[in-house]
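Here is the structure we will look at, set down as structure tokens.
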Amino acid sequence: MLFAILLTLKTALFIYLTRVEYNHILIFTVSLLYILFFFTLIYLSKNKKKHTLAFTFYNIISAIMFADAMYYYYFNALPSIAMVKQLKVVGAIGDSVKDIISPLNILFLIDIPFLMIYSKWKKKMARERKIYPKKWRVGIPSAILAIIVIFNIVLNSFGYSEILGKQELFTYHGKDIIEQFKSQEEMASGESMLDKEDIEYLRKRSTTENGKHTGIGKGKNLIVLQVEALQNFVVNMKYDGQEITPNINKFINNNSSIYFDRYYQLVGKGSTSDAEFVTNNSLYPSMEDPTYEQFGDNTFYGLPKILKDEGYRSWSFHGYKPEFWSRDKVHPKQGFERFISEKDYKVGETVGFGLRDEDFFEQTIPYLKEMGEPFHAFIITLTSHTPFNMPEKYHEIDLRPEHVDTMFGNYLQAIHYTDKALGQFFENLKKEGLYDNTVIAMYGDHFALSSLDDENKEVMTDYLGYEYDFDDMMNIPLVVHVPGEDIKETVSTVGSQMDFLPTILNIMGIKNEKGIMFGVDMLNSTEGIVAQQIHMWKGSFFDQEKMFVMSRDGIFDHSRAKDLKTKKPIDVNQCRETYEKVISEIDKSNFILRNDIIKDLLEGNDKFSVKDRSDEKNIDIENKEYIALSGGEVKGIPSTNSLEALNESYKKGFRLIQVDLQWTTDEKLVLLHDWDETVSQLFFVSPKKYSYEEFKNFKMVEGLHQMTFEDLKKWMDEHSAAHIVLNIQEDTVKALRTIRETYPGIQENIIPEISDMQDYYPANAVDNYRNIILNISSKDYSDKEVIDFIKTYKHFGIAMSLDRARGELPKKLEDEEVPTYVYTIDDKREKTEIIKNNVFGIYTNRLEP
Ligand code: GP9
Ligand code: MN
């Protein structure tokens, strides 16, 4: 009984702390019913440990309420059970978590020690009185359950189903758990969500043809600076006469900068990492998990890859652990050739949780010089991270007594420090001669001071002179400096990190012809909308005039809206159309993430393809610089040529897969490296040639499966985006002819790798294999012979050993526009070295595209 009463009180507290605004009684009643249901179920059972059980239940619910309320305070939403996966991140930001535990929150847990004593006593009493019922009396709990079910049915029929699902403790978590069991396919469905026209519309919307400032940065280097927790309100701010960000202000107020003063953050649960994702890809972040975690393996075509296609080299920089937010995996996948992280820097003094900004910037300069031009550097700062506690010696702002030890005061100190580091960085760039040929774009990743925090809200409202709300909280600055341009300007078009990519591409004079962007170019379009989904509910938005805040209970009429200029409330009905539009845009973007659509677009192998594949006669070799060697490595074993190796390579993103063909004694073709060592190692048989049947009956190590050419053909039909590089050591021409005759048209997806120049003509002219790689490793052709030969015959590429590739030949080939492929590279350092030497592609077991 005591447990039930206390839990009821806690329910009331929970409703208060999770800021339920409407239908309190209804929500309270349903929670109460659940509590009664569980307690009666426990107490009326014949279980002998019922007090322990009841107490356990009580503790679990208390703990959930505690965690929920804490999460709610920060995110304005209840957490999903899936968040348990993210606990390691919470560990790293532990300092900030401590800051959001409020005294009221402690009430959820404070009674538990006392109750422990009580329940011990209670158990003793029960034992002495022996009051166990003989039968499990399920009547009462069943009746309560029936009431709950009826309640739900009635509410559903009145269209109120979301009220409980979004706010009531048991309903919310119940639904959330069921959600977790939905398969990925189920979530990914919704085929009709995006069609060709959508793609064309989006492409048109995000591209500027010769508009304002188009191409003013063309050919220049690009530095993108993502500054931790840089909010817009500190920019140009004077605090008791002291400039908080003097260097940023200088950077804004010169002749060559464009300042976007109504720019907003657009992140999800991945916070900083989502800011990176959205900025580079112009897609909505996931709301389930950090986007890097959930969709990090997808294929994207964002800024680093677009620039790479323009001849840029892209590296990223961040002075913290490489694996945090999975950057070590995702940055390379996003197209950053190198990710320079904490382990590449000398870490001196750490402030907050990583390298000090000043050290970080200073040590970044040599890397920039190493990159060569044109370069693209994505630099992510860290020191001004919440809760902004820096050692006294870094405090340079004279704070009023009332701001000392407040988050506001600490933030001013921290951002002032970062500003100083930025100033030094700009000076160093000038000194190194990098400033004048580099476009620098700088923005904040997300807010520093949450308007949901009472103290922040009060201090900020006082400072601003009007209510501190989401519109100021999420407003971050964006500044783009284009050296040599006379463009000083403040652009007040509303936009967000989503709009960064189209905007910067316009400035750099580059078009994104392969991918898809949901943002717009803020210099040439006012069509943009800022659609928030975290802190504010999905459907909320900022547009040119207003802010719309969707109600958390899902009922449109309960939402609020205000005029961004006057800050006065306006009628929400003016927002309905845009509200519907943002939901549909978000859903489309989610559909792209779930179905990995960018990959399909890049490969042109899908129904969403805008380009017609039939006129792509020759294979587009861009993005295909990796060749999986002998099928690629599987289970740590190289050169198996097995079905599993092919599948694995394909899954990793390889679209060029090399396989070795051998003739059997009865003159059939099978996938095998050789009849000597390999056949004995893979199948434990003596080294000699076997028949087709014998080969098929072998058992491969580790339960892998060998393939005949026939199997390969089937596999190719199912993987039409893959191209098979065929290495046939014996009777190459005969094999190629047999294959072509057996499977007409197969040449489209086959790249013969020949080692004798004499094989070229028959393969190409007679059997119509259009893409041929000449492998010069076994025949010792001189550079001149090779160059003369490719001048006569167009090649897909020339393959050579690492040693040969270190010499002059790759450069000479590049002048003839024939790519060099080198093998075998399994090591990142070797890869970096060799790519610099004009090598276009590599054969590899282990590296991934
Ligand atoms: C950590 C840094 C901080 O590497 O990016 O992330 P945040 O906690 O701000 O998301
Ligand atoms: Mn951050």
Exercise for the section: Verify side-chain contact (heavy atoms from CB on, under 4.5 Å) between V330 and W325, making sure each step is shown before the conclusion. Expected result: CA-CA 9 Å; V330 182; W325 290 131; over 6 Å; no

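- Take Y201 and apply the side chain to side chain contact (heavy atoms under 4.5 Å, CB included) test, not counting sequence neighbours, and it matches R205, E527.
- Salt-bridge annotation for K811 and E816: absent, with no side-chain N of the basic residue lying under 4.0 Å from a carboxylate O of the acidic one.
- A donor-acceptor contact under 3.5 angstrom links the side chains of K831 and Y626, judged on distance only.
- Q658 places a side-chain heavy atom less than 4.5 Å from the side chain of Y843.
- Judged by a 6.0 Å distance limit and a 45° cone about the ring axis, K369 is not positioned over the six-membered ring of Y367.
- With rounding to the nearest 0.5 angstrom, the CG atom of D521 is 9.0 Å from the OG atom of S206.
- With salt bridges taken as basic N to acidic carboxylate O contacts below 4.0 Å, none links K651 and E644.
- Electrostatic pairing of K333 and D297 does not count as a salt bridge here, judged by no charged N lying under 4.0 Å from a carboxylate O.
- Note that CG of L726 is 10.0 Å distant from OG1 of T732, once rounded to the nearest 0.5 Å.
- For the atom pair CD1 (I746) and CG (N768), the distance works out to 13.0 Å, reported to the nearest 0.5 Å.
- The side-chain hydrogen bond (donor to acceptor under 3.5 Å, both in side chains) test with S314 singles out one residue from H376, E337, H331, and that residue is H376.
- Applying the ring-ring contact (aromatic ring centres under 6.0 Å, His included) criterion to F683, with sequence neighbours excluded, gives F695, F698.
- Listed for the N771 side chain is no donor-acceptor partner under 3.5 Å among the backbone atoms of F796.
- D274 has its side chain out of reach of Y292: every pair of non-hydrogen atoms, C-beta onward, lies at least 4.5 Å apart.
- The CG atom of N280 sits 11.0 Å away from the CG atom of L283 when rounded to the nearest 0.5 Å.
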Problem - Steps toward side-chain contact (heavy atoms from CB on, under 4.5 Å) verdict (V679, D674) - result: CA-CA 6 Å; V679 77; D674 57 80; 5.8 Å; no

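- The closest donor-acceptor contact from the side chain of N298 to the backbone of L593 lies under 3.5 Å.
- A heavy-atom distance below 4.5 Å is found between the side chains of I772 and Y760.
- Taking 4.0 Å as the cut-off between side-chain N and carboxylate O, R804 and D783 count as a salt-bridged pair.
- A salt bridge links R770 and E748; the closest N-O separation between the charged side-chain nitrogens and carboxylate oxygens is under 4.0 Å.
- When atom types are taken as modelled, the side chain of S282 and the backbone of V278 share no donor-acceptor pair closer than 3.5 angstrom.
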Exercise for the section: Could you give me the CA-CA distance, side-chain angles and deciding distance for S642 and Q706, then say whether side chain to side chain donor-acceptor pair (under 3.5 Å) is met? Expected result: CA-CA 5 Å; S642 64; Q706 65 271 38; over 6 Å; no

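- Comment: R806 engages D803 in a salt bridge, judged by a side-chain N to carboxylate O separation of less than 4.0 angstrom.
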Handout entry: Test log, rule side-chain contact (heavy atoms from CB on, under 4.5 Å), inputs F518 and Y284
Key = CA-CA 8 Å; F518 279 77; Y284 284 94; 4.2 Å; yes

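- One N or O on the side chain of Q747 and one on the backbone of G745 form a donor-acceptor pair closer than 3.5 Å.
- Residues W675 and T664 meet the side-chain proximity criterion, which asks for heavy atoms closer than 4.5 Å.
- Checking T844 against D826 by side-chain atom types alone, a donor-acceptor pair falls below 3.5 Å.
- T824 has its side chain within reach of N845: a pair of non-hydrogen atoms, C-beta onward, lies under 4.5 Å apart.
- Checking side-chain atoms of S680 against main-chain N and O of D676 turns up a donor-acceptor pair under 3.5 Å.
- Remark: K652 does not engage E633 in a salt bridge, criterion side-chain N to carboxylate O under 4.0 Å.
- Residues S778 and S755 share a closest heavy-atom pair of OG-CB, 3.7 Å.
- With no hydrogens or angles considered, a side-chain donor-acceptor pair links S777 and Y823 at under 3.5 Å.
- At least one donor-acceptor pair closer than 3.5 Å links the side chain of K305 to the backbone N or O of F300.
- Using a 4.5 Å cut-off on side-chain heavy atoms (C-beta onward), D717 and Y743 make no contact.
- A salt bridge is defined here as a Lys NZ or Arg NE, NH1 or NH2 lying under 4.0 Å from an Asp or Glu carboxylate O, and K784 with D788 meets this definition.
- The pair R846-D827 fails the salt-bridge criterion, with no side-chain N (NZ, NE, NH1 or NH2) lying under 4.0 Å from an Asp/Glu carboxylate O.
- Minimum heavy-atom separation, S630 to H673: OG-CD2, 3.9 Å.
- By the 4.0 Å N-to-carboxylate-O rule, E603 lies close enough to R655 to be salt-bridged with it.
- A distance of 11.0 Å separates CE of M707 from CG of L661, quoted to the nearest 0.5 Å.
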Handout entry: Stepwise side-chain contact (heavy atoms from CB on, under 4.5 Å) test for F375 and E370
Key = CA-CA 10 Å; F375 66 77; E370 191 189 323; over 6 Å; no

Practice task
Show the numbers, then the answer: is there a ring-ring contact (aromatic ring centres under 6.0 Å, His included) between F317 and F339?
Solution key: CA-CA 6 Å; F317 303 81; F339 169 38; 8.7 Å; no

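- Between the side chains of N775 and E753, at least one donor-acceptor pair of N or O atoms lies under 3.5 Å.
- With hydrogens and angles disregarded, no donor-acceptor distance shorter than 3.5 Å links the side chain of Q681 to the backbone of T678.
- For the residue pair N727 / Q729, a side-chain donor-acceptor distance below 3.5 Å is found, with atom types taken as modelled.
- Taking all atoms of both residues into account, the shortest heavy-atom contact from A805 to I834 is CB-CD1, 4.0 Å.
- Across every non-hydrogen atom of H795 and I790, the tightest pair is ND1-CG2, 3.7 Å.
- We find the NZ-OG1 distance between K689 and T665 to be 7.5 Å, quoted to the nearest 0.5 Å.
- When only modelled atom types and interatomic distance are considered, T708 and D711 share a side-chain donor-acceptor pair under 3.5 Å.
- Of the possible polar contacts, none joining the R740 side chain to the A763 backbone as a donor-acceptor pair under 3.5 Å is found.
- When atom types are taken as modelled, the side chain of Y781 and the backbone of M757 share a donor-acceptor pair closer than 3.5 angstrom.
- A 4.5 Å side-chain heavy-atom check between K511 and E209 finds at least one atom pair inside the cut-off.
- Between E276 and R327 there is a salt bridge, since at least one side-chain N of the basic residue sits less than 4.0 Å from a carboxylate O of the acidic one.
- Distance alone, capped at 3.5 Å, places no donor-acceptor pair between the T214 side chain and the G509 backbone.
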Problem - Criterion side chain to side chain donor-acceptor pair (under 3.5 Å) on S691 and E694, from CA distance to verdict - result: CA-CA 5 Å; S691 75; E694 283 169 323; 3.2 Å; yes

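- The existence of a salt bridge linking E625 and K308 is confirmed by a sub-4.0 Å separation between a basic side-chain nitrogen and an acidic carboxylate oxygen.
- Contact check for T291 versus N281: no side-chain heavy atoms found under the 4.5 Å cut-off.
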